[in-house]
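Nothing here was measured: the structure is a model prediction, and the numbers come from that model. For this chain, numbers begin at 1 and follow the sequence in order.
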Amino acid sequence: MKSYHPARRAPGPRPRCLSRSIHLLLVGGMVAMPTLALAQDAPAADDIRALDAVTVNGSYSRSLEQAVDLKRDNVGFSDSIVATDVADFPEQNLAEALQRMPGVTIERSKGLGARVNVRGLPSDYTHVSINELATASGSGGREVEFDIFASEIIQQVTVQKSPTAADEEGGIAGSVKISTARPFDYSSRQLVASFEGAHNSISEETDPKLSFLAADTWGNWGALVSISSAKRTNRTDATSGINFRPMSRFLGASGVRGSQAEAVIERDTGRQIGNRNDTAESNLIVFQDKVGDRVFLNEQDKWGATGSLQFKPSNDFSLTFDALIGGYDSNEDEYDAAAYSASSRSTLETIHEYDDTTLAQHGILVLRDVSYTATQHEFLSKERRNETDFRQYSAALDWRSDTWTIDALLGYSGARKSLDYANLKHVAYAPSRTRWNGNSGETIPSASSNGFDMYNSPERYLFEAYETTLEQISDDKYAAQVNIAKTLDLAFLPALRGVQFGARHTDKSKERAYGEAKIGGPSAGDNRWVNTRTLADSQLRPIGDIVPGGAYTARDLDWQMASNAYARDTFRYAGFSTPFDDAQYYRVDEQATALYLMTDVAFELGRVPVDINAGVRYIDTSVTSFGYHPVQNPDGSTGYTDTPVSMDGDYSDVLPSLNLSAELREGLLLRAAASQTLIRPAMTDIAYKRTASWSSYRFTDGNPALKPTYADQWEIGLEQYLDNGGLLAASYFRKKIDGVVINALTGVVADVPVYNANGTLNGIYDFDVYQPINAAGAYEVDGVELIAQLPLTALHPALEGFGINANYTMLDSSLAGQSALGIQTPMPGLAEKTWNLTAYYENARFDARVSYNHKSEYVESIGYNMYPIYRDAYGQLDVSIGLRLADNVKLSLKGINMTDEATTGYTMDPSFPTMYELSGRRISLGLRADF
């Protein structure tokens, strides 16, 4: 969505060669940029002649300069990357390109960037749009999975951190605005192609990536098409899942299990147990829950295409049709050799080592090295098949006169996702000894004569089940908007330079179906394999042969598994399909209408030119949610309503915003902003499905009547713009967030009959209803952002071509982790410090960059709502080298994670590690040419 604001009245011309935002596209980092013509604005003749004289060579420094132009001209706080920045960085997807922006961090999954966090807030706090359309998502919530987008089809990304009234609501953290290219972005025909091969050090696979762009204009018409296709084979070797488990698991058990655990603790640690059934006491004694050695193989096939058709008879009018389609197929194989200390058949045998000092301030005793009577050993072959299809179509109109501007948009964004999951599970029980080691944990045979080598005894493992789940999600969004702006020149109010108003209507529907099944034999209803068939009866292969790349790298181990391909062929009998479960179905329909009005004011305060954008946005939202509700029949059986039950919700809000900039002197801007923003409730929270606990007399519902979570926010900063795209900037921001969603008792359903299994009436009971609600109270997030972007030529002529691009963000939150033990932690997911540093050199033929990205440690989750689990600080070094073989041909060499960093974490203290993951480094060699 565009926002009108007057040109900044600086006392002199800008030192940069472009003084306004220019829309560029470099597909796959492969375009040597031609002479540009502005596609959106109608510049004066002198401006056109000046722009026609500019040739952009697709360099990294030029991409930084373009991003600085966008930042300076934006009415609020924002940061941008243009396509050279995206495609020339050695990233694996769009999420990893965005992590280099100030205040932006990513959530990694097995070495790959998956979701984006802006200013430390959860990913679903960020609003994402492509070509001004809110983006459909294949996830079950509102957050967007960025790994489905190929970075090669993206033109420009702006992270808007302070909204105007014209911006679509929905992002407390900020708004990520993605743009694809249009044919009139170029002044001449473009034909571009690239090829890249990338090698992963662990999988030892080399994967291809292809990109192509064609764009041309014919008089008043223009057309563009771009296509990208990539395959990725990522292998991760990991030890993980080693979290604390409270001793209430054993002490609270009846009979010998509980009494033996009490006796062993008192005997081997000297800790006297007052009441073993008192969880306040037993929760302060913890043991290692499980140890797992895991190999993940993730194979991705990703493709994306954009198309744009424009009719532009003049610089004052254009009609544009844009299309973006893509597909993302991901097959992940996971092979686990795991030992679960907390087996339902087990209890303590011997405590070999304990620690009562490290966490003494919390009164916690940690059992570091323990033998158990009957550890549950598991061999698991897990398979996840994910297919996501994305479609987006839009038609846009842009018209301007001397004083009026009108733009309108009509569009659709849709996603379809299917996730097919399977788990082949074999189990054995035997005495074992589990303990922490240097990086995570290990399980070895105990001194008991019944112990065995868990990695090399397939005949001991009995078939338990071949488990399957199937999830299907459809997400459809329709939108229509119109924006009208009027330039004003009022003698009685000269400061009022313009007014803009508009309307937007969106119609969204998300539907989810889910089901699960267990196979126990060679046909439906047959369980002859359960506890009779062994792992040795299956076709087994060494783990290093099942997945590419050879031996397991996280530890010096080897074991044999049944491959997922074998499991699918063997255990899925003819005609098998996973049935959908009514209890898990939901559909949410949401409509929102927004009206806004904003003004642009410009005046001089002394000799200081000041620009102000102030406005208000009114939104009205209605929700209808559907889900099945459980029923209990008079014969004692349970089921669900024949049709989904619906419930409505609605809310309306007025959201004010103010953005101000003052040019204190040439190139030095004081910027300030204040606004109220919101995020709508997660789809899973407003889904009106119900689960029942007939024995606990409790219903758990979704809540379509939920209100949004709001943020009152403000920011102030200084920005010094230097020659040739240089920038020094600092800002301070604060967000006060209220209405966070929690689960709570909301009511009672009276007089519910409950039947016994034989159909007799058990009784009439009142059922408590628990639902998500908006919590009372608020918390604050504040932080500081620093940016330094410096071409070093200004320091000395000998440094021509050298430069640095750096940013640093420090965050703080008043919200503590929700530990039931009262342990204070930072807000889960909040990394207090993040920074990026890129050093680069380039000339007409050669370029090189070294980039380091760092994210400090953060609380990932709170185990059992008691024990904070931390993800360690992580830093990654990436490099890129390019050589122009000819004016239109470039060879590039790129490396990701060059120091082969591991992802690690711990529970409460680093001496209690929870995970150790290795995803390897990736080296790619690419060639691109433009004609």
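For the residue pair T468 and T578, a side-chain donor N or O sits within less than 3.5 Å of a side-chain acceptor on the partner. Judged purely by distance below 3.5 Å, without hydrogens or angles, the side chains of Y466 and N423 never pair a donor atom with an acceptor atom. The closest side-chain donor-acceptor pair between N298 and S330 falls under 3.5 angstrom.
Both tests hold for R460 against F452: distance to the six-membered ring centre under 6.0 Å, angle to the ring axis within 45°.
Residues in residues 342-360 take part in these salt bridge (charged side-chain N to carboxylate O under 4.0 Å, His left out) pairs, two or more places apart or across chains: D355-R368. Each salt bridge (charged side-chain N to carboxylate O under 4.0 Å, His left out) pair with one or both residues in residues 248-268, not counting sequence neighbours, appears once here: E262-R276.
Ion pair R385/E387 not flagged as a salt bridge, since none of the NZ, NE, NH1 or NH2 atoms sits closer than 4.0 Å to an Asp/Glu carboxylate oxygen. Ion pairing between E442 and R555 holds under the 4.0 Å rule for side-chain N and carboxylate O. A salt bridge links R433 with D369; the closest basic N to acidic carboxylate O contact falls under 4.0 Å. A salt bridge links R512 and E471; the closest N-O separation between the charged side-chain nitrogens and carboxylate oxygens is under 4.0 Å.
Contact record, T899 with R921: C-NH2, 4.2 Å, taken as the closest heavy-atom pair. When every heavy atom of T907 is checked against every heavy atom of T914, the shortest pair comes out as OG1-CG2, 2.9 Å. In terms of heavy atoms, H352 sits closest to S371 at NE2-OG, 2.7 Å. Taking all atoms of both residues into account, the shortest heavy-atom contact from A554 to L918 is CA-CD1, 4.2 Å. When all heavy atoms are compared, the tightest approach of P458 to T534 is O-CB, 4.2 Å. Smallest separation of non-hydrogen atoms from S381 and Y335: OG-CD2, 3.7 Å.
Ring centroids of F244 and F912 are separated by less than 6.0 Å, placing the two rings close together. Two rings, from F287 and F250, have their centers less than 6.0 Å apart. A centroid separation of less than 6.0 Å is found between the aromatic rings of F463 and H426. In summary, the aromatic rings of Y906 and Y870 are positioned with their centroids under 6.0 Å apart.
Between R294 and the options E378, E332, E334, a salt bridge (charged side-chain N to carboxylate O under 4.0 Å, His left out) holds for only E334. For the pairing with D207, the salt bridge (charged side-chain N to carboxylate O under 4.0 Å, His left out) check across K231, K302, R922, R235 returns one residue only, R922.
One distance of note links OG of S203 with CZ of R232; it measures 10.5 Å at 0.5 Å rounding. Between the CD atom of Q472 and the OG atom of S418 there is a distance of 4.5 Å, given to the nearest 0.5 Å. Y566 OH to I546 CD1: the interatomic distance, rounded to the nearest 0.5 Å, is 11.5 Å. Here the OG atom belonging to S861 is positioned 6.5 Å from the CG atom belonging to N243, to the nearest 0.5 angstrom. Between the CH2 atom in W559 and the OH atom in Y455 there is a gap of 7.0 Å [rounded to 0.5 Å]. Atom CG of L462 sits about 9.5 Å away from atom OH of Y429, to the nearest 0.5 Å.
Take Y858 and apply the ring pair (Phe, Tyr, Trp, His ring centres under 6.0 Å) test, not counting sequence neighbours, and it matches no residue.
Classification of the H854-Y852 ring pair by plane angle, with boundaries at 30° and 60°, yields parallel.
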Checking T834 against T105 for the side-chain hydrogen bond (donor to acceptor under 3.5 Å, both in side chains) test, could you report, in this order, the C-alpha distance in whole Å, the side-chain angles of both residues, the deciding distance, and whether it holds? CA-CA 7 Å; T834 59; T105 58; over 6 Å; no
One pair to check against side-chain contact (heavy atoms from CB on, under 4.5 Å): L419 and L470. What are the steps and the verdict?
CA-CA 6 Å; L419 179 59; L470 181 63; over 6 Å; no
Hey, mind stepping through R533 and S538 against side-chain hydrogen bond (donor to acceptor under 3.5 Å, both in side chains) and telling me if it holds? CA-CA 9 Å; R533 183 187 174 105; S538 292; 3.2 Å; yes
Would Y552 and D293 count as a side-chain hydrogen bond (donor to acceptor under 3.5 Å, both in side chains) if you check the C-alpha gap in whole Å, the side-chain angles of each, and the deciding distance to 0.1 Å? CA-CA 9 Å; Y552 183 56; D293 291 286; 3.1 Å; yes
- [ ] Take Q584 and D582 through the test side-chain hydrogen bond (donor to acceptor under 3.5 Å, both in side chains) and record every step on the way to the result.
- [x] CA-CA 5 Å; Q584 301 297 329; D582 287 345; over 6 Å; no
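Side-chain contact between E901 and Q876 is absent, with no heavy-atom pair separated by less than 4.5 Å.
More than 12 heavy atoms of other shown residues, nucleotides or ligands fall within 6.0 angstrom of atom CG in D569.
Checked by atom type and distance alone, the side chain of S346 pairs as donor or acceptor with a backbone atom of A374 at under 3.5 Å.
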